[in-house]
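Below is one structure, written out as structure tokens, with a few remarks after it.
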Amino acid sequence: MEKPEKTRERLYLIDGYALIYRAFFALISRPLVSSRGENTSAAFGVARFLIKIIDQHQPDYLGMVFDAGDSERVEMYPQYKATREKMPDELALSIPRIRQLVEAFRIPVLELQGYEADDVIGTLAGKAVDAGLEAVIVSGDKDFYQLIRPHVCLLNPGRGGPTAVEEEWVDERNAHERLGVAPKHVVDYLGLIGDSSDNVPGVSGIGPKTAIQLIEQYGSIEDIIAHTAEIKSKRAREALEAFADSARLSRRLVTIREDLAVDLDTEALRVREPDRVALKDLFLDLEFNTLAREFAAAHPTAPADAGDGAEAAPNRLAGDYRLLSTTEEVHALVAQAREAGRFAVDTETDSKDPMRATLCGISIGVVVGEAFYLPFRHRTRGPDQGELLGDATPDADAGVRNLPDLHSPEMQPLLDLLEDETIEKVGQNLKYDFLVFRREGIDLRGIAFDTMVASYILEPGRREHGMDSLALQHLDHRTITYEEVAGKGKAQIPFAEVELETACNYAAEDADITLRLADKFGPEMQALELDHLFRDVELPLVHVLAEMEYNGIRIDEPFFARMSEELRATQSQLEREIYAEAGEEFNIGSTPQLREILFGKLGLPVIKKTKTGASTDVDVLQALAAQGHRLPTLLMQYRQVDKLRGTYVDALPLMVNPETGRIHTSFNQTVAATGRLSSTDPNLQNIPIRTEMGAEIRRGFIPAEGNVFVSADYSQIELRILAHYSGDEAFVTAFRSGADIHRQTAALIFEVPVESVTKEMRDRAKTVNFGIIYGQGPFSLAQQLGISQAEAKAFIEAYFERFPGVRRYLDEQIELARTRGYVETLTGRRRYIPEIQSRNWNVRAFGERAATNAPIQGSSADLIKIAMIRIQNDIAAGMVPAKMLLQVHDELLFETPIGTEDAVREFVRERMEGAATLNVPLKVAGGVGSSWFETK
DNA sequence: GATCTCACG
DNA sequence: GACGTACGTGAGATCC
């Protein structure tokens, strides 16, 4: 039916939740998920619909109607809507978004506490007609047919996409025909047949056909009941005799009220220009880029507000940033912070490495929009550009007004504040500040919020969690960058030499932004139930990691010097042999030159290609060596030696901290998308062990005088997690029996008794076991095992046949990632997988592997983190004299006084094995030694 | 800064 | 039927 002819101004009343549900479920099998993991299906559908309504229908008045609170129908009939499933979480989370959208469109929201949208719509439609308007009810719900009359019609919105449905008008002309009864009898009709979605009972035994017939014959439900005895059909008659009251109740339940106490405020409902800026921001935030473009094209900015640039450029947030220069001011600030019980803190220093940095100032923010900078060690350069005029004392330089020394009695209240556990500290990367303070002899306590960690919990796949990027995205604010105040490259000056007012603006802004971000991230984490992970795992871990970094690890420098000489000699020898074999000298480290030698000059076959040409990696060299060529073998040896020397033996001694004589790595808590840690400067999580020559390097890591190392590593933690999650019977049984899991696996997939499993069978089973965790396919398994692809395929099939629970579990994770956009670990840590929605097979397959691997790798990370926190707590409480030094994903390394090693081993084992209770036991293996090498 | 290679779990 | 083919990291060397 085409659109009814327009004779009056039109008011469109949109049934809000009907629209939202429809939009959400239209995309249920392929939901829209933003890169931050937000399910945006409903918001998208609603936005697109509103644009369409406004552009194509050009309503004169428009309102969005929502249910609010429990309906009076529940009092009438407690089971009303009781069979409805709870709103899916993803949808519930997008309701606030949709309200923002509606607001940005400047469409009034109409709701009345205690009433359903239907009743508000019924009332307003009536009032609209009285006011000389025409009411268009936008909904697909048949209940609304009862409201149809002159100047009231129904618009059932269509649907785009693959299963497109045309929009549909229902008015006086076609209502009767569509439902089989006239609008005035809709309540009788629905009262008889009931409504399963609202759990309205109706009359059991009477369906649409009978209902229509009865209504045609007798009229309303009361009339029908009055004539029950005359009804010919025995079934219908008996049904009515039994359920007459149910029919009356049902009729009342489906009757839409038209008499609520709401006014029709036509002026408020008149369609207005949308708030373009807000809408554009929302669209970008929701990643509706196409919609944003289309909307911008259809609604060009009026000349009046074009070109002022306010829309495009991020704001500069207004902040009152002040430099403190007197003790009294500091005391007042301390009092204010104590009063508030919470403040943001940030340190300014002269190095990115907290183990080498010197503190030069502190910024503090207590309330949003206000922050202070406390300079302690600023100085200026003299006119001759070299002589330092200022130092730590305020009098030394007239140009700089430092506060009294941080450790002077006047500043004691500030130090007390920092060390007061009851006053909450908010910061960005507080591990850094903690270490800087610690080296000043200040123990920063009360770490309550870290915005960098919070951002990581909310968006673990995000590239960077730096403040500049977070402020830009979340606060639409461009921060002052370090380069802007200190310069860059060669011209960069130490922060201590930055002019004070400039330093203050930079530093205080950081504290202010931190506070604003914390206020935003806190509720977001709560909404996603990530609070436990944040409060009980990641936040306590900040301390633990800081402690480990502070501890550092000792190396045997003469050992590295000797090893470097030996490797260098080996390398020269190999170099000569390589040149001889190649027939010329060239740069072995240059891939292009090596390519030319191997595939050009010597004409060896190209095995594998990279983006830029033939690959020369170890797989290729191995294959070429297997063909009987000598050069590839030499190259592999050369590369191994070169790598060990360049990356480890020569590099590590340069990292020794002159102050402590030890190497202090940095454990990054916000890098790995799965929840793992990473280690940098230097990376101590990839110290060689797999080859004999490489493992020698570990002899150079030694405990402090009078100490030994204790190492403890989880045995097959990832496979145990897989067993736990999948609940696979064979798998779980194997682990519970305490037997060798790879041997057990081999017995099952090769169908032989455990005693007959050969070493080769076990090795293959082990490879398959690990391959499964990563989603390895037949192609790569075949390559790895040196077997045919068909054989590899048979292995994988045999595996899943023996472990059907594993297959089921992996499929489940893929399905979860597809439908809700993310997978999660034991602690609820999420990993969003937008790739799984890709139309590109390759990208999608990657997403599927990530979806199966992330819960396993991530849960393993969860467990060791929990263990680390408990261990460090007990170490701090003095239970053992050990120091935790390193974490290498499933392994922890400790340093402890000689004689305490057995106790420490047991202490650590107990806490690691007790980190969680799974379906299968957790097992920890340990070792003791006077070098890292010996702990194996 | 991008690319390649290779070290670890 | 082809696609391209195992997850997660960091560092050093070379090239452009």
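Both backbone and side-chain heavy atoms feed into the values below; hydrogens, waters and symmetry mates do not. So that the names make sense, note that chain A is the first sequence line, chain B the second, and so on, each numbered from 1.
- For B:dC8, the OP1/OP2 oxygens have a side-chain nitrogen or oxygen of A:Arg690 closer than 4.0 Å.
- Within the 4.0 Å cut-off from OP1 or OP2 of C:dG10, not a single side-chain nitrogen or oxygen of A:Ser679 is found.
- Across the protein-nucleic acid pair, A:His889 atom NE2 and C:dG8 atom P stand 13 Å apart, rounded to whole Å.
- For C:dT9, the paired base is B:dA7 (Watson-Crick or G-U wobble, both distances below 3.5 Å).
- Look at A:Gln593 and you'll find a side-chain N or O under 4.0 angstrom from OP1 or OP2 of C:dC15.
- Among residues two or more places apart in sequence or in another chain, the ring pair (Phe, Tyr, Trp, His ring centres under 6.0 Å) test is passed with A:Tyr799 by A:Phe803.
- Taking atom CD of A:Glu692 as the reference point, atom P of B:dA7 lies 15 Å away to the nearest angstrom.
- To the nearest whole angstrom, the two C1' atoms, one in B:dA7 and one in C:dA2, are 35 Å apart.
- Distance CG/A:Asp556 to CG/A:Leu652: 12.5 Å, rounded to 0.5 Å.
- Within the 6.0 Å centre-distance limit, the rings of A:Phe795 and A:Phe750 are counted as a close aromatic pair.
- A residue-by-residue look at A:Asp681 and A:Arg676 shows that A:Arg676 has its nearest nucleotide of DNA chain C further toward the 5' end.
- At the heavy-atom level, A:Phe846 lies under 4.0 Å from the strands shown only through sugar-phosphate atoms.
- Backbone-only contact: A:Asn683 has heavy atoms under 4.0 Å from sugar-phosphate atoms and none from a base.
- A salt bridge is defined here as a Lys NZ or Arg NE, NH1 or NH2 lying under 4.0 Å from an Asp or Glu carboxylate O, and A:Glu718 with A:Arg676 meets this definition.
- In this entry the distance linking CG of A:Leu684 with C1' of C:dG10 reads 11 Å, nearest Å.
- Among the atoms of the strands shown, only primed sugar atoms or phosphate atoms (P, OP1, OP2) are found under 4.0 Å from some heavy atom of A:Ala673.
- Between A:Arg764 and A:Glu760 a salt bridge is recorded (basic side-chain N to carboxylate O distance below 4.0 Å).
- Both A:Ile773 and A:Asn587 sit near DNA chain C, but only A:Ile773 has its closest nucleotide nearer the 5' end.
- Comparing C:dC7, C:dT14, C:dG4 by their closest approach to the side chain of A:Arg831 singles out C:dC7.
- A salt bridge links A:Asp740 to A:Arg762: at least one charged side-chain nitrogen sits closer than 4.0 Å to a carboxylate oxygen.
- Within 4.0 Å (heavy atoms only), A:Leu644 reaches no atom of the nucleic acid at all.
- Whole-Å rounding puts the A:Arg849 CZ to C:dG8 P distance at 9 Å.
- For A:Lys865 (side chain) and A:Gly675 (main-chain N/O), a donor-acceptor pair under 3.5 Å exists by modelled atom type.
- Using modelled atom types and a 3.5 Å distance limit, the side chains of A:Gln887 and A:Gln685 yield a donor-acceptor pair.
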What's touching nucleotides 1-5 of chain B from the protein side, N or O pairs under 3.5 Å?
{"residue": "B:dC4", "atom": "OP1", "partner": "A:Thr610", "partner atom": "OG1", "Å": "2.8"}
{"residue": "B:dC4", "atom": "OP1", "partner": "A:Lys611", "partner atom": "N", "Å": "3.4"}
{"residue": "B:dC4", "atom": "OP1", "partner": "A:Thr612", "partner atom": "N", "Å": "3.1"}
{"residue": "B:dC4", "atom": "OP1", "partner": "A:Thr612", "partner atom": "OG1", "Å": "2.6"}
{"residue": "B:dT5", "atom": "OP1", "partner": "A:Thr616", "partner atom": "N", "Å": "2.7"}
{"residue": "B:dT5", "atom": "OP1", "partner": "A:Thr616", "partner atom": "OG1", "Å": "2.7"}
{"residue": "B:dT5", "atom": "O3'", "partner": "A:Arg639", "partner atom": "NH1", "Å": "3.2"}

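- In this structure, A:Thr680 reaches the sugar-phosphate backbone alone: every heavy-atom distance under 4.0 Å involves primed, P, OP1 or OP2 atoms, never a base.
- Looking at A:Arg462 and A:Ser469, their side chains do bring a donor and an acceptor atom within 3.5 Å of each other.
- Taking the P atom of each, C:dT5 and B:dC4 are spaced 13 Å apart, rounded to whole Å.
- Separating the CG atom in A:Leu826 from the CD1 atom in A:Ile866 is a distance of 7.5 Å, to the nearest 0.5 Å.
- Taking atom CZ of A:Arg839 as the reference point, atom P of C:dA2 lies 24 Å away to the nearest angstrom.
- If you measure from atom CG of A:Leu652 to atom C1' of C:dA11, you get 11 Å, rounded to the nearest angstrom.
- Heavy-atom distances under 4.0 Å link DNA chain B to no residue of residues 799-814 of chain A.
- The distance between atom CG of A:Leu781 and atom P of C:dC7, rounded to the nearest whole Å, is 14 Å.
- Contact annotation: A:Thr674 side-chain N/O to C:dG8 OP1/OP2 distance is not under 4.0 Å.
- A ring-centre distance under 6.0 Å is found for A:Phe770 and A:His742.
- A donor-acceptor contact under 3.5 angstrom links the side-chain atoms of A:Gln857 to the base of C:dC7.
- For the pair A:Ile697 CD1 and C:dA11 P, the computed distance is 15 Å after rounding to whole Å.
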